[in-house]
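Bear in mind the structure is a predicted one, so any value in this text is a computation, not a measurement.
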Amino acid sequence: KRNRAASVLKPSTADNVPASHPLKPHQTRMKLLESVNDVQLFAEFAARNGNKRDEFSFEESLQSLSKKQLAQFWGGIVTSLGTQVFPTLPPNPHDIEDESCLSEEAVAGYAFMTALVDAVSASPTLCSEQESDVDDSLVTIVKILHDLSLHLPCMHVDTRDAIAAVCVRWWHADLPNKDEVAPNTISLQLLYALADNAPAERIKELYACRSMLLLLDYEHESSSTLKSTLQQCMVNPTFLNLVEGQRFLSFLFGLSLDLVSTLHNTIKSTLPHCSKQFYADYGEVYYRAWRGAEGKYLQALETNVVQDLIYHAIHARRPTFGNPSMVKIVRAVLEPFHQRKHERGVDDMLCRLYEPLLWRALKVAHPVVRSNAACLLVDAFPLQDSTLNRADAEQLMQRQLDAFVDLLSDESATVRATAVQGVCRVTSAFWEIIPHATVANFLNTIINDLSKDAADPNVRVAAFQGLRFMLDNHLAIPVLKQLLPALRPAIHDPSARVHRAFLDLLATVKSIRDVRYYDIVPNAHLLARLPAETDANRLKIVTLLASSYFPISNSDEVRLDRCLKMMQTNRAGARVFYHCLRHAKGHASDTDLARFAVVLANAIVAGKDVDDDDEDEDELLDDFADTPKDNGAFAAEDVVAMLEVVVILCQRLSDSRRKEGMLRKLGKALCPLVEFVPEAYPEIEELLTLTQLIGTTLPGVATDDAVDQALAELKKTDGADFD
């Protein structure tokens with residue numbers, strides 16, 4: 001233990017007792033019993049209790065006392081407190097900033113209090129696991145310590161904390177008059193939990209003492225400070241990060257009916273400013289509070305909290321610049337209720353609370369309110385009431401489905417965009433319980449109408465995003481397989497955002513085994529769109545086409561053949577394809593692209609006979625694996641197309657300067673191509689230009705003939721001297 005008394009005592013006479021003449025146990029007990037009448041001597045025992053070199057221990061000494069001696073000990077302390085300690089204490093301890101402001105008697109009095117806390121903490125009543133009678137004087141002492149815990153000078157914080165620890169132990173041990181040590185103790189526990197950088201253990205201790213709060217009167221005017229403290233707990237992130245903290249916050253809703261609205265308003269005021277991760281945490285707090293409530297508290301939570309959240313989610317304004325979307329925030333808070341619809345009573349409660357608000361909001365004139373109501377209908381679907389008979393339950397379900405049909409044809413584009421995504425989510429999640437005729441009506445409206453909505457591209461984007469949700473349900477795939485080809489014209493939509501959403505849909509389709517994306521949009525259409533698309537959309541198209549035009553798992557002959565077919569189909573699109581191929585994740589590494597450049601070069605060289613006895617055919621593939629050479633002769637336009645691809649690949653690979661070694665190997669492998677083209681096709685200027693681009697892109701490609709030709713041209717300039 002820390003020596004709390006040593007700092008306020010004069011040099012202890014106990015420290016001067018010779019070690020060779022220690023007191024015997026019975027002498028120590030008698031001395032301890034006498035010390036209760038001497039403030040200085042009792043504090044010296046406390047100093048010895050904290051001294052590791054001293055064999056004295058409060059716990060051992062008090063356990064050795066008889067019941068009569070313990071009564072004498074605690075009774076003597078009560079007397080000393082009244083006659084020697086309390087008269088010396090200052091009337092306004094909170095104004096004391098330093099011990100120099102205290103008299104010697106007051107210093108000794110506080111030292112006595114510190115020693116007393118150590119003695120009570122070591123008492124058999126608190127340390128022994130066996131039940132025994134509790135001395136009335138000890139009960140009085142603990143009550144006195146509790147009352148003084150909030151009236152100590154600031155320099156005695158350790159004493160205050162020790163008193164709080166004693167009171168907590170007294171409470172958990174269920175000792176006599178424990179209710180009388182609750183008010184100040186729970187106040188201190190709240191203070192500890194709200195301190196800056198408070199450890200998690202403090203909140204766990206507070207949660208363990210939460211029942212102390214049930215003893216307080218929250219209607220009394222003196223409770224305003226406590227209510228303010230509880231409101232601070234509601235907005236403290238540390239409480240929300242711990243399960244015990246969340247449970248404590250839920251517990252607070254059961255303390256007073258007035259507190260229900262007060263705490264709820266506190267949470268509402270902090271929601272726009274708190275971190276996103278806390279939205280669901282507040283929802284958990286509300287749900288636990290509702291689940292544990294009964295009677296008037298249950299009614300207050302449903303009406304003043306849950307239904308109030310629903311109202312604000314419906315009538316919240318759309319977000320403005322710099323302000324968060326309150327609709328999304330409140331929906332996130334309500335999400336724990338919607339996720340637990342399968343639990344007892346949740347569905348009935350939601351149906352009962354949504355009834356007076358939702359159906360009216362779906363018919364109001366303001367489109368934002370209708371859109372918000374549509375979001376909530378999707379989140380809460382299906383609303384069910386276990387008290388209804390079968391016919392009424394089916395009527396309630398049909399009412400919700402009819403509401404979706406009306407929302408899909410709403411005059412507001414914002415409402416239609418919200419509705420189409422919501423309908424797709426609901427249809428995907430509840431495919432088996434929605435009638436087939438209703439599903440067919442939904443899909444017909446989405447694919448034939450909303451995906452082509454001319455009023456607002458946001459509706460078209462929402463349609464494609466919603467269909468992606470629906471593809472998550474394997475039961476919907478056979479139906480969608482027959483309907484999705486009708487979306488083919490969307491690839492030529494004038495909006496880039498619509499293209500992006502549609503390409504995401506195609507990417508989702510590609511991941512499904514039973515549906516082929518090119519049955520929806522042929523590769524030729526995608527290839528034609530490449531030159532006109534944004535960089536982000538280009539990469540999405542290349543990712544779709546990569547497995548068809550650059551299959552890594554196939555041979556070099558297959559990739560070469562598909563390259564020629566793509567160049568013949570759409571040369572502009574093919575250029576963009578190979579330009580973006582390096583960034584298509586998971587489809588082609590730099591080594592794959594370098595190898596393919598060598599394959600193309602080898603095909604060009606081997607495709608036309610050249611009389612050159614010094615040509616080393618194997619040199620072209622130096623440092624690369626063998627690739628096919630017998631491809632027959634190529635037309636000049638095919639050679640130009642192939643050489644364009646080589647140049648594009650070289651330029652893209654040259655951007656990676658961290659792979660100088662690979663670039664040098666590639667340059668060495670392409671040297672024969674650079675020498676071959678000018679000799680084989682001297683009359684085609686385009687080929688000569690492409691060859692020069694290779695030489696300027698890769699290191700080590702320039703040949704002796706190229707250097708000699710450049711020098712010869714330079715010598716023709718006037719005044720040039722190269723001797």
Side-chain angles (χ1 to χ4, degrees), residues 1-4 49-50 58-59 113-114 116-123 125-129 142 145-146 148-150 152 154-175 178-216 225-255 263 266-267 270 274-275 277-278 280-285 287-289 292:
K1 296 180 180 178
R2 288 180 294 178
N3 188 347
R4 301 188 184 93
N49 182 65
F58 264 135
E59 183 175 349
M113 299 289 296
T114 301
L116 177 58
V117 176
D118 288 341
V120 174
S121 179
S123 64
T125 301
L126 290 177
C127 295
S128 177
E129 297 181 358
V142 173
L145 291 176
H146 165 267
L148 286 174
S149 59
L150 295 181
L152 294 173
C154 59
M155 74 284 299
H156 286 286
V157 174
D158 289 344
T159 303
R160 182 198 67 185
D161 296 347
I163 292 175
V166 167
C167 292
V168 168
R169 292 173 61 189
W170 193 274
W171 173 271
H172 290 314
D174 198 19
L175 295 175
K178 72 171 188 176
D179 293 354
E180 298 183 13
V181 302
N184 289 353
T185 303
I186 193 62
S187 297
L188 288 173
Q189 293 297 319
L190 288 168
L191 181 66
Y192 299 149
L194 289 172
D196 293 338
N197 301 319
E201 288 71 19
R202 286 297 192 184
I203 294 179
K204 294 178 181 179
E205 292 172 2
L206 175 62
Y207 176 69
C209 299
R210 65 191 182 280
S211 55
M212 292 182 182
L213 291 168
L214 297 173
L215 304 175
L216 306 181
T225 302
L226 177 61
K227 290 180 181 179
S228 176
T229 304
L230 297 180
Q231 288 178 272
Q232 293 178 45
C233 294
M234 279 292 170
V235 298
N236 191 297
T238 309
F239 280 81
L240 294 171
N241 286 328
L242 292 173
V243 174
E244 292 83 1
Q246 294 180 17
R247 291 175 176 172
F248 177 78
L249 298 182
S250 299
F251 173 80
L252 298 183
F253 282 95
L255 297 178
L263 297 177
T266 301
I267 294 177
T270 195
C274 70
S275 176
Q277 68 184 35
F278 296 139
D281 293 336
Y282 278 123
E284 292 292 339
V285 169
Y287 178 79
R288 285 195 179 98

**Study point:** Under the side chain to side chain donor-acceptor pair (under 3.5 Å) test, residues paired with D179 that sit two or more places apart
**Key:** none
**Study point:** V117 versus A162, closest heavy-atom pair with distance
**Key:** CG1-CB, 3.4 Å
Study note, to complete from the structure: S149 and I163 have their tightest heavy-atom pair at CB-CG2, 3.8 Å
Review point. Any idea which heavy atoms bring Q189 and A164 closest together, and the distance?
Key: NE2-CB, 4.4 Å
Check your understanding: So which heavy atom on G245 is nearest to which on I203, and how close?
Key -> CA-CG2, 3.7 Å
Study note, to complete from the structure: Residues passing the ring-ring contact (aromatic ring centres under 6.0 Å, His included) test with F253, sequence neighbours excluded, are Y286
**Study point:** Y282: partners by side chain to side chain donor-acceptor pair (under 3.5 Å), with sequence neighbours left out
**Key:** none
Kindly list each side-chain donor-acceptor pair under 3.5 angstrom involving residues 228-244, sequence neighbours excluded, with atom names and distances?
residue	atom	partner	partner atom	Å
T229	OG1	T225	O	3.0
Q231	NE2	T266	OG1	2.8
N236	OD1	T238	N	2.9
N236	OD1	T238	OG1	3.2
N241	ND2	P237	O	3.2

Revision key, fill the gap. Output for pair (L175 CG, L126 CG), nearest 0.5 Å, gives 6.0 Å
**Study point:** salt bridge (Lys or Arg N to Asp or Glu O under 4.0 Å) pairs, two or more places apart, involving residues 199-210
**Key:** R202-E205
Practice item. Decide yes or no for S250 and Y287: does some side-chain heavy atom of the first lie under 4.5 Å from some side-chain heavy atom of the second? Key: no
Practice item. Would you please test L213 and L252 for side-chain contact (heavy atoms from CB on, under 4.5 Å) and show each step? Key: CA-CA 8 Å; L213 291 168; L252 298 183; 3.7 Å; yes
Point to revise | Main-chain N/O of H146 paired to N184 side chain as donor or acceptor, under 3.5 Å | key: yes
Check your understanding: Hey, are the side chains of L249 and I267 touching, using non-hydrogen atoms and a 4.5 Å cut-off?
Key -> no
**Study point:** Gap separating the CG atom of L150 from the CG atom of L188, nearest 0.5 angstrom
**Key:** 5.0 Å
Check your understanding: How many angstroms lie between CH2 in W171 and CG in L215, if you round to the nearest 0.5 Å?
Key -> 4.5 Å
**Study point:** Qualifying salt bridge (Lys or Arg N to Asp or Glu O under 4.0 Å) pairs with a residue from residues 159-174, counting only residues at least two apart or across chains
**Key:** D174-K178
Point to revise | Reported CD-to-CZ distance for the pair E284 and F278, which is rounded to 0.5 angstrom | key: 14.0 Å
Practice item. Could you tell me the separation between the CG atom of L145 and the CG atom of L116, rounded to the nearest 0.5 Å? Key: 5.0 Å
Review point. Which heavy atom of S121 sits nearest a heavy atom of C127, and at what distance?
Key: O-SG, 3.4 Å
Practice item. Would you check if the side chain of S187 reaches a backbone N or O of P183 as a donor-acceptor pair within less than 3.5 Å? Key: yes
Practice item. Answer whether the closest heavy-atom distance between the side chains of L216 and I186 falls below 4.5 Å. Key: yes
